[in-house]
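Worth saying up front: this structure is predicted, and the values here are computed from it rather than measured.
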Amino acid sequence: MSIPTIALVGRPNVGKSTLFNKIIGKKISIIEDTPGVTRDRIYQEAIYNKKKFYVVDTGGIDTTKMTFNDEIKMQAEIAIKDADIIVFLVDGKEGLTTNDLTVRDILRKSKKKVIVAINKIDAKDAKNNIYEFYELGFDTYIPISSIHNTGYIELMDTITMDFKEQDEQTDNRLKFSILGRPNVGKSSLMNALLNEERVVVSDIAGTTRDSIDSILKYNNEEYVLIDTAGMRKKGKIFESIEKYSLFRSLKAIDRSDICLVVINAEEGITEHDKHIAGYAIDRGKGLILVVNKWDTVKDTTIQEYEKLIRAEFQFATYAPVVFLSAKTKKRIHTLMPEVLKVSESIKKEIKTSLINEVIMDAYQLNLPPSYKGKRLKIYFTAQTGIKPPKFTFRVNNKGLVHFSYERYLENKIRENFDFTGTPITLQFKNKNGDE
């Protein structure tokens with residue numbers, strides 16, 4: 001069963017981001033502190049009354065500024081095209097504007113279900129403006145206040161009215177996705193893999209609109225291979241808007257255990273390649289960097305190119321790098337062994353006695369700096385999760401944990417245990433139970 005998508009659309013400053021944060025249940029910052037990765041957070045998975053869905057926050061459409069052009073319209077149109085339901089946010093305080101009418105015209109062409117959310121209804125005189133919005137010509141209007149919760153339940157009940165509760169079906173097969181910018185060779189890599197080792201392939205119907213699942217059989221085991229190459233069919237004007245084409249890859253990332261981020265060896269590394277890898281890490285997924293079209297590179301060795309990769313992907317030094325040519329199948333045989341290695345890493349479990357020994361040795365070797373006369377003390381460490389591996393530390397005061405010391409502890413864990421290809425999560429809790 002595919003998970004439905006809702007898009008929040010409207011002109012700037014009508015409250016889309018506030019509503020977005022409320023629906024997903026947390027505030028999302030625009031810039032993460034991961035070195036080298038700036039991630040525009042426009043998309044998240046959310047759940048309401050046991051109904052799971054995706055929500056995407058589009059850029060504000062503004063016809064009053066010179067910056068308005070086809071690209072801004074395209075940003076919203078891509079999200080609209082992928083959506084099942086559109087929430088059209090308008091400003092009840094300000095009333096109907098020509099910008100709202102422009103957005104309406106875009107939405108009418110989509111022929112999608114549109115819910116008009118009249119925001120800021122708590123403002124003085126806003127109630128007098130409600131009836132203006134009926135001029136938009138849609139069927140459903142709900143007055144809300146994102147800040148004060150007014151109308152929120154009615155809005156969410158209406159949005160999710162026809163959504164089904166998601167059945168948790170257990171599928172223990174490893175799922176990995178092929179991700180990357182347009183024209184890096186995602187389809188070619190998928191075809192090369194599916195022709196390797198006499199694999200058996202069958203398409204699975206009813207997954208998502210924008211990715212194709214296939215069954216790959218390798219060493220007598222079945223794997224689910226998720227291809228996102230479908231986004232290339234939208235035309236070059238769509239491909240140029242990387243922020244919004246990325247949204248399609250995110251669905252595949254969520255469904256994957258491991259992400260293969262494909263890089264075009266001819267073109268080199270781009271910011272968008274790093275964005276995609278950053279999202280995979282953010283979602284706690286295994287990561288492999290695949291340098292494709294390696295047959296076209298003549299004047300650089302693998303060692304030299306990998307050095308460049310490591311410099312660009314400093315936030316993912318643990319990710320293996322594979323060099324191959326999907327077109328000629330040269331070195332294609334080197335990929336699946338790395339997938340299997342990362343598969344072991346993402347579900348690896350370390351005995352409590354072993355992890356405690358490593359952490360206590362690391363602590364004695366390099367005591368954390370004292371802060372205002374107090375020093376961090378670590379009492380106990382245990383692994384508390386997999387996919388990705390998660391370690392919980394019981395300490396005297398988690399407020400004393402400096403990010404540099406956290407990084408030091410992670411490095412010590414990686415030195416002692418093989419976590420190739422997977423992020424690991426460190427969580428600090430106070431010994432007295434305070435969270």
Result block: side-chain N/O donor-acceptor pairs under 3.5 angstrom for residues 355-363, not counting sequence neighbours:
{"unit_1": "Asn356", "atom_1": "OD1", "unit_2": "Thr381", "atom_2": "N", "d": "2.9"}
{"unit_1": "Asn356", "atom_1": "ND2", "unit_2": "Thr352", "atom_2": "O", "d": "3.0"}
{"unit_1": "Asn356", "atom_1": "ND2", "unit_2": "Thr381", "atom_2": "O", "d": "2.6"}
{"unit_1": "Tyr363", "atom_1": "OH", "unit_2": "Leu376", "atom_2": "O", "d": "2.6"}

Look up atom [atom1] in [X] and atom [atom2] in [Y], then write down how far apart they are to the nearest 0.5 Å.
X: Leu354; Y: Ile413; atom1: CG; atom2: CD1; result: 12.5 Å
X: Tyr54; Y: Asp254; atom1: OH; atom2: CG; result: 4.5 Å
X: Leu225; Y: Ile215; atom1: CG; atom2: CD1; result: 9.0 Å
X: Asn397; Y: Asn430; atom1: CG; atom2: CG; result: 5.5 Å
X: Asn292; Y: Asn264; atom1: CG; atom2: CG; result: 7.0 Å
X: Phe391; Y: Leu426; atom1: CZ; atom2: CG; result: 8.0 Å

For [X] versus [Y], what's the shortest heavy-atom pair and its separation?
X: Ile346; Y: Gly286; value: CG2-CA, 4.0 Å
X: Asp273; Y: Val262; value: OD1-O, 4.1 Å
X: Pro320; Y: Gly421; value: CD-CA, 3.6 Å
X: Arg375; Y: Leu367; value: NH1-CB, 4.0 Å
X: Lys347; Y: Ser343; value: CG-O, 3.3 Å
X: Ala7; Y: Ala83; value: CB-CB, 3.7 Å

Pairing residues for [X] by the salt bridge (Lys or Arg N to Asp or Glu O under 4.0 Å) criterion, not counting sequence neighbours:
X: Lys412; value: Glu415
X: Asp257; value: Lys387
X: Glu267; value: Arg181

Note: Arg414-Glu410 ion pair, threshold 4.0 Å (strictly below) | yes
Would you call Glu271-Lys274 a salt bridge at under 4.0 Å N-O?
-> yes
Cation-pi check, Lys348 to Phe417: give yes when NZ or CZ is under 6.0 Å from the six-membered ring centre and within 45° of the ring axis, no otherwise.
-> no
Would you check if the distance from the ring center of Phe403 to the ring center of Tyr405 is below 6.0 Å?
-> no
With a 4.5 Å heavy-atom cut-off, do [X] and [Y] have their side chains touching?
X: Tyr48; Y: Ile153; result: yes
X: Ile115; Y: Ile159; result: yes
X: Asp91; Y: Arg11; result: yes
X: Tyr279; Y: Ile276; result: no
X: Leu340; Y: Glu221; result: no
X: Asn49; Y: Phe163; result: no
X: Leu260; Y: Val339; result: yes
X: Ile106; Y: Val9; result: no

Take Tyr223 and Leu193 through the test side-chain contact (heavy atoms from CB on, under 4.5 Å) and record every step on the way to the result.
-> CA-CA 11 Å; Tyr223 302 89; Leu193 281 171; over 6 Å; no
In sequence, state the C-alpha distance, the side-chain angles, and the governing distance for Phe428 and Leu409, and then conclude on side-chain contact (heavy atoms from CB on, under 4.5 Å).
-> CA-CA 12 Å; Phe428 296 86; Leu409 293 173; 4.0 Å; yes
Test log, rule side chain to side chain donor-acceptor pair (under 3.5 Å), inputs His402 and Ser404 = CA-CA 5 Å; His402 192 270; Ser404 61; 2.7 Å; yes
Could you walk me through whether Asp57 and Ser17 pass the side chain to side chain donor-acceptor pair (under 3.5 Å) test, one step at a time?
-> CA-CA 7 Å; Asp57 179 13; Ser17 294; 3.1 Å; yes
Is atom [atom1] of [X] surrounded by more than 12 heavy atoms (other residues, nucleotides or ligands) closer than 6.0 Å?
X: Lys341; atom1: NZ; answer: no
X: Lys175; atom1: NZ; answer: yes
X: Ile47; atom1: CD1; answer: yes

Distance-only, no hydrogens or angles: does the [X] side chain make a donor-acceptor pair with backbone N or O of [Y] under 3.5 Å?
X: Gln314; Y: Ala311; value: yes
X: Glu154; Y: Gly151; value: no
X: Ser177; Y: Leu179; value: no
X: Ser256; Y: Cys259; value: no
X: Lys298; Y: Asp295; value: yes
X: Arg173; Y: Val224; value: no
X: Lys16; Y: Gly10; value: yes
X: Thr422; Y: Phe419; value: no

What do the steps show when you test Val395 against Ile378 for side-chain contact (heavy atoms from CB on, under 4.5 Å), and what is the final call?
-> CA-CA 5 Å; Val395 298; Ile378 300 174; 4.0 Å; yes
Just do the side-chain contact (heavy atoms from CB on, under 4.5 Å) check on Leu308 and Thr300 with the steps written out, would you?
-> CA-CA 11 Å; Leu308 178 66; Thr300 307; over 6 Å; no
Report the residues that fulfil side chain to side chain donor-acceptor pair (under 3.5 Å) with Thr160, sequence neighbours left out, ordered by chain and then residue number.
-> none
Sorted by chain and residue number, the side chain to side chain donor-acceptor pair (under 3.5 Å) partners of Tyr379 (sequence neighbours excluded) come out as none
